[in-house]
Amino acid sequence: MQPASHDKSQKELKLTLPDGKELTFATPVTGLDVASSIGPGLAKAALAVKLNGEIIDLNRALPASGALEIVTRKSADALEIIRHDTAHVMAEAVQELFPGTQVTIGPSIENGFYYDFARDEPFSTEDLGAIEKKMKEIVARNEPFTREVWKRDEAIRHFEGIGEKYKAEIIRDLPESEEISIYRQGKWYDLCRGPHLPSTGHVGTAFKLMKVAGAYWRGDSNNAQLQRIYGTAWRDQKELDAHLHMLEEAEKRDHRKLGREMDLFHMQEESVGSVFWHDKGYTIWRALEDFIRRRIRAAGYQEVKTPQLFDSSLFKASGHWDIYGDNMFKVEVKADERTLGVKPMNCPAHVQVFNQGLKSYRDLPIRMAEFGCCHRNEPSGAMHGIMRVRQFTQDDAHIFCRDDQVEKESLDYFKLQLGVYKDLGFENISVKLALRPGANERLGSDEVWDRAEGDLRNALTAAGLEFEELPGEGAFYGPKVEFHLTDAIGRTWQCGTLQLDFNLPERLDASYIGEDSQRHRPVMLHRAILGSMERFIGILIEHHAGKLPLWLAPVQCVIATITSDADDYAQEVLEKLKAAGVRAVADVRNEKINYKIREHSLQKIPEIWVVGKREAEEAKVAIRHLAAEGEKQGAQEVLALDAAIRKISDESAPPQ
RNA sequence: GCCGUUGUAGCUCAGUGGUAGAGCAUUCGCUUCGUAAGCGAGUGGUCGGAGGUUCGAAUCCUCUCAACGGCACCA
């Protein structure tokens, strides 16, 4: 064991606190010493320190001068340390309860932590309760976390000796420059980079083990499968409760539950991964599709419709057969001795449309759109409600253009895209640029990739969009720009993409005649705004918790009678609403108004028009609006019938 | 595809070897009522599927399908 490393030649350290105050200390000095010198209260509250942006254990000698911040439970950085420590406490608990279990890694993640274990016997949900109990004991023991530095080969030998082969493997793969640090808590210890809290008592009890799941060692499906236990951990019980409450809210807005309750769609075993859209769900679909159709027409797109089935030769030429063939649906046609493929995307078909007739440079750009229905044989475990399915419809388009048009076309697309999201109520968008995948997983030369990535970077910069680069994440034929939107409860979804492709036009021999009367290759921009209709409708349902904006609501208005005296009047109101293009129904059942209100509110009908004897006599309607999320009761108003019709007709108009 | 869990009435769920249940929904009566569940009666299930053990299986075993939670994948 050695003391933590620090620069011994330096006799004193100059530390600048967040308030600008400078302090000088003789070495060695720990974060705790600094906190104590400021005040005993702070020393007690201190969990760690942040020196020049790096978090360091409270009891470790500070390695250098610089900006120092005392991390307390209130600090933004505290949660990450607490979560990581909770993972360690869990690992100790698991090894105490289940001897022979090997530990691997246990990082902090969003909202909590996990730890991956190697054990032959699976953990059950009942085990979680026992582990949690043991964790609380360990927290109560208040074991101090202490850091040690070990020699590499000794550490490897040690961990192999005690049967922790995963830990030994991790150490073996650490870069030579890396210190091998071990953290001890009581009798238990683990290889870990740190930092940690002063002791297990600081972890607190605001944690909960959530679920057990399989996870591959190092994230690779060729490796052994480990058992992962997920937990959530917070500063205090209040935060934990708030998080658990948020999970309940998320469950309430689950599109699978709402889709059934609102009679939007269903799925069944005979058509796994495909959606049966019911009248109400398909009404949402059409409203959304019409909206996109208006936008792309205004943006100069043409719309086409191409086949589902193609001879395999087309997909062999495009490269899809080799790279994605396993995930395609293939149809053997015995009589013809041919193999057909059900299209998994629309691009090869669009190139066929482009290739009809001779194109001049004057024709470009050609923006070819299709609400294209595609099939992909997704792995069984990948399916999720209507969000990840085997049959889906993309709001797809391919822009065929000249090299010099790429930037403008990209910019125009960004504008179209962001405008659509804004009108759909999504303002918080993040942008990513996915770069070339590995050498064996991509088509085309490095020069072509350099050019494609450069073009997209330029377009993003010209659009003034901030973006993050994701190496290795691009499509096999080109880099892509991804648009991620954030929903009402803070989750992000990747929806629109723009992919720049110099490869497919080459492979499928697309060309145009240039000014020089020579043949040239067009560039292809693959783009989608919503992504898939199915998935996007799922996102909309969850974002709005089923309470869709008026223009998307499948039934916009229910006329509910109080007694049968108002039946005739209700019929008249219904006719007028229909004539005004409003999706309305009349509820003249022999039920009390309370019953009707409850039922239609649960169905998330935006407006209930209550009509009784009074309204019938005065040609009025009593309108009850659906309560917004978090609102107890919606607004109510009484309007003259004609005024009410004008109002709902205006308000239900889709964005133009 | 991998690990784990689950599958009983339209929905939510109870039922651990001995005659398939509840609430809601649906149907039929009664009730005509002013802003989130009126009252009563009735209908409804070869217990996901196939095979096996047993005198007897929703319940135990094997295989299989699907859904769910993760992992991996996502052109």
Side-chain angles (χ1 to χ4, degrees), chain A residues 114 116 122-125 210-230 254 256-257 260-261 263 266-273 315 318-328 343-348 374 376-385 387-390 392 394 437 441-443 473-478 480 494 497 499 501 503-504 526 531-532 535 560-567 588-603 608-615 622-627 632-634 636 638:
Chain A
Y114 67 78
D116 286 347
F123 290 110
S124 71
T125 346
M210 304 300 283
K211 51 198 166 199
V212 204
Y216 297 108
W217 168 235
R218 299 202 150 153
D220 186 335
S221 56
N222 296 315
N223 289 342
Q225 185 141 25
L226 306 170
Q227 293 190 66
R228 176 172 297 180
I229 301 180
Y230 281 94
D254 190 313
R256 294 166 297 193
K257 178 170 142 52
R260 183 174 54 239
E261 288 173 358
D263 191 22
H266 86 271
M267 304 181 81
Q268 67 185 54
E269 283 194 32
E270 288 77 3
S271 188
V272 172
F315 297 116
S318 71
H320 291 92
W321 199 263
D322 287 339
I323 297 180
Y324 286 103
D326 290 345
N327 296 316
M328 283 179 64
K343 71 173 170 187
M345 36 32 337
N346 306 298
C347 20
C374 298
R376 294 178 187 175
N377 194 6
E378 300 286 3
S380 56
M383 251 95 67
H384 176 86
M387 302 276 207
R388 186 84 183 270
V389 285
R390 288 186 176 147
F392 57 95
Q394 294 177 309
E441 299 154 31
R442 63 176 190 247
L443 300 177
E473 301 277 308
F476 72 87
Y477 49 72
K480 65 178 171 183
Q494 186 203 304
T497 58
Q499 300 169 23
D501 182 0
N503 288 306
L504 257 196
H526 306 241
S532 111
R535 183 156 178 275
T561 52
I562 291 172
T563 67
S564 52
D565 291 343
D567 286 1
V588 296
R589 290 176 302 172
N590 177 13
E591 293 291 352
K592 291 176 81 165
I593 191 66
N594 282 348
Y595 183 91
K596 294 185 184 179
I597 298 274
R598 178 182 152 81
E599 198 165 82
H600 300 305
S601 299
L602 289 174
Q603 282 291 308
I608 301 173
W609 289 15
V610 176
V611 297
K613 211 168 176 183
R614 214 153 58 217
E615 286 75 16
I623 302 174
R624 184 191 168 110
H625 296 268
L626 182 63
K632 229 178 169 165
Q633 199 188 313
Q636 295 191 40
V638 179

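Just so it is clear: chains get the letters A, B, ... in the order the sequence lines come, proteins before strands, and each one is counted from 1. Quick note: numbers below take in every heavy atom, side chains included, and nothing from hydrogens, waters or symmetry partners.
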Considering Watson-Crick and G-U wobble pairs with both distances under 3.5 Å, what does G17(B) pair with?
none
Does Thr125(A) get its side chain close enough to the base of U5(B), under 3.5 Å, for a donor-acceptor pair?
no
Checking all strands, does Ala622(A) fall into the base, sugar-phosphate, or nothing category for heavy-atom contacts under 4.0 angstrom?
base
Whether the side chain of Gln227(A) engages the backbone of Phe123(A) through a donor-acceptor N/O pair (distance < 3.5 Å, no angle test) should be reported.
yes
May I ask you to say what Phe123(A) touches in the nucleic acid, namely base, sugar-phosphate or nothing, with a heavy-atom cut-off under 4.0 Å?
nothing
Between the base of G49(B) and the side chain of Glu269(A), is one N or O donor paired with an acceptor at under 3.5 angstrom?
no
For G4(B), does OP1 or OP2 lie under 4.0 Å from any side-chain N or O of Arg228(A)?
no
On a whole-Å scale, what distance lies between the P atoms belonging to C39(B) and G34(B)?
16 Å
In the structure shown, which nucleotide is the Watson-Crick or G-U wobble counterpart of G56(B), with both distances under 3.5 Å?
none
Would you say U27(B) has OP1 or OP2 under 4.0 Å from some side-chain N or O of Arg589(A)?
no
Please check: side-chain N/O of Gln603(A) versus main-chain N/O of Glu261(A), any donor-acceptor pairing under 3.5 Å?
yes
As its Watson-Crick or G-U partner within any shown strand, both distances under 3.5 Å, U32(B) has none
Provide the Watson-Crick or G-U wobble partner of G7(B), both distances under 3.5 Å; none if there is no partner.
C65(B)
Taking for Ile623(A) and for Ala215(A) the nucleotide of RNA chain B with the nearest heavy atom, the one nearer the 5' end belongs to Ile623(A)
Decide side chain to side chain contact (heavy atoms under 4.5 Å, CB included) for Gln499(A) and Asp501(A); before the verdict, give the C-alpha distance in whole Å, the side-chain angles of both, and the deciding distance to 0.1 Å.
CA-CA 6 Å; Gln499(A) 300 169 23; Asp501(A) 182 0; 5.9 Å; no
Look at the side chain of Asn503(A) and the backbone N and O of Leu443(A), then say whether any donor-acceptor pair between them is shorter than 3.5 Å.
yes
For Leu602(A), report the nucleic acid contact type (base, sugar-phosphate, nothing); a contact means any heavy atom under 4.0 Å.
base
For Tyr595(A) and A25(B), is the shortest distance between a side-chain N/O and OP1 or OP2 below 4.0 Å?
yes
Using a strict 4.0 Å threshold on nitrogen-to-oxygen distance, state whether Asp220(A) and Arg218(A) make a salt bridge.
no
Any His384(A) side-chain nitrogen or oxygen under 4.0 Å from OP1 or OP2 of A67(B):
no
Check: Ala213(A) main-chain N/O paired with Arg228(A) side-chain donor or acceptor under 3.5 Å
no
What does C74(B) pair with, Watson-Crick or G-U, if both distances are under 3.5 Å?
none
Which whole-number value in Å describes the distance from Asp565(A) CG to C33(B) C1'?
11 Å
Taking only the C1' atom of each, what is the distance from G15(B) to G21(B) in whole angstrom?
7 Å
Is there a side-chain contact between Lys211(A) and the phosphate of G70(B), meaning an N or O under 4.0 Å from OP1 or OP2?
yes
For Glu615(A), report the nucleic acid contact type (base, sugar-phosphate, nothing); a contact means any heavy atom under 4.0 Å.
base
Across all strands shown, which nucleotide pairs with A22(B) by Watson-Crick or G-U wobble geometry, both distances under 3.5 Å?
U12(B)
For His320(A) and Phe476(A), take the angle between the two ring planes, folded into 0 to 90°, and tell me which bin it lands in: parallel under 30, tilted 30 to 60, perpendicular over 60.
perpendicular
Where the side chain of Ala213(A) is concerned, which of G69(B), U35(B), G34(B) is the nearest nucleotide?
G69(B)
Atom pairs, protein N/O to nucleotides 72-75 of chain B N/O, distance under 3.5 Å:
from	atom 1	to	atom 2	distance (Å)
A72(B)	O2'	Ser221(A)	OG	3.2
C73(B)	O2	Arg388(A)	NH2	2.7
C73(B)	N3	Arg388(A)	NH1	3.0
C74(B)	O2	Arg388(A)	NE	3.4
C74(B)	O2	Arg388(A)	NH1	3.2
A75(B)	OP2	Lys480(A)	NZ	3.3
A75(B)	O4'	Tyr324(A)	OH	3.3
A75(B)	O3'	Tyr477(A)	OH	3.1
A75(B)	O2'	Tyr477(A)	OH	3.4
A75(B)	N7	Arg376(A)	NH1	3.4

Could you tell me the Watson-Crick or G-U partner of A37(B), where both distances fall under 3.5 Å? Say none if there is no partner.
none
Lys613(A) near the nucleic acid: base, sugar-phosphate alone, or nothing, with a heavy-atom cut-off under 4.0 Å?
base
Could you check whether any side-chain N or O of Lys596(A) sits under 3.5 Å from a backbone N or O of Arg589(A), counting only pairs where one atom can act as donor and the other as acceptor?
yes
Inter-nucleotide P distance (U5(B), C73(B)), Å rounded
24 Å
Options A67(B), G1(B), U35(B), nucleotide nearest the side-chain atoms of Ser380(A)
G1(B)
Find which nucleotide of RNA chain B each of Asn594(A) and Gln268(A) is nearest to by heavy atoms, and output the residue with the more 5' nucleotide.
Asn594(A)
Among G34(B), U32(B), C68(B), the one nearest any side-chain atom of Val610(A) is G34(B)
In the structure I gave you, are the side-chain heavy atoms of Pro344(A) and Arg390(A) within less than 4.5 Å of one another anywhere?
no
Would you mind classifying the nucleic acid contact of Ile597(A) as base, sugar-phosphate or nothing, using non-hydrogen atoms under 4.0 angstrom?
base
Could you check which nucleotide pairs with C47(B) in any of the strands shown, counting Watson-Crick or G-U wobble with both distances under 3.5 Å?
none
Just checking Arg614(A): base, sugar-phosphate only, or nothing, at a heavy-atom cut-off of under 4.0 Å?
base
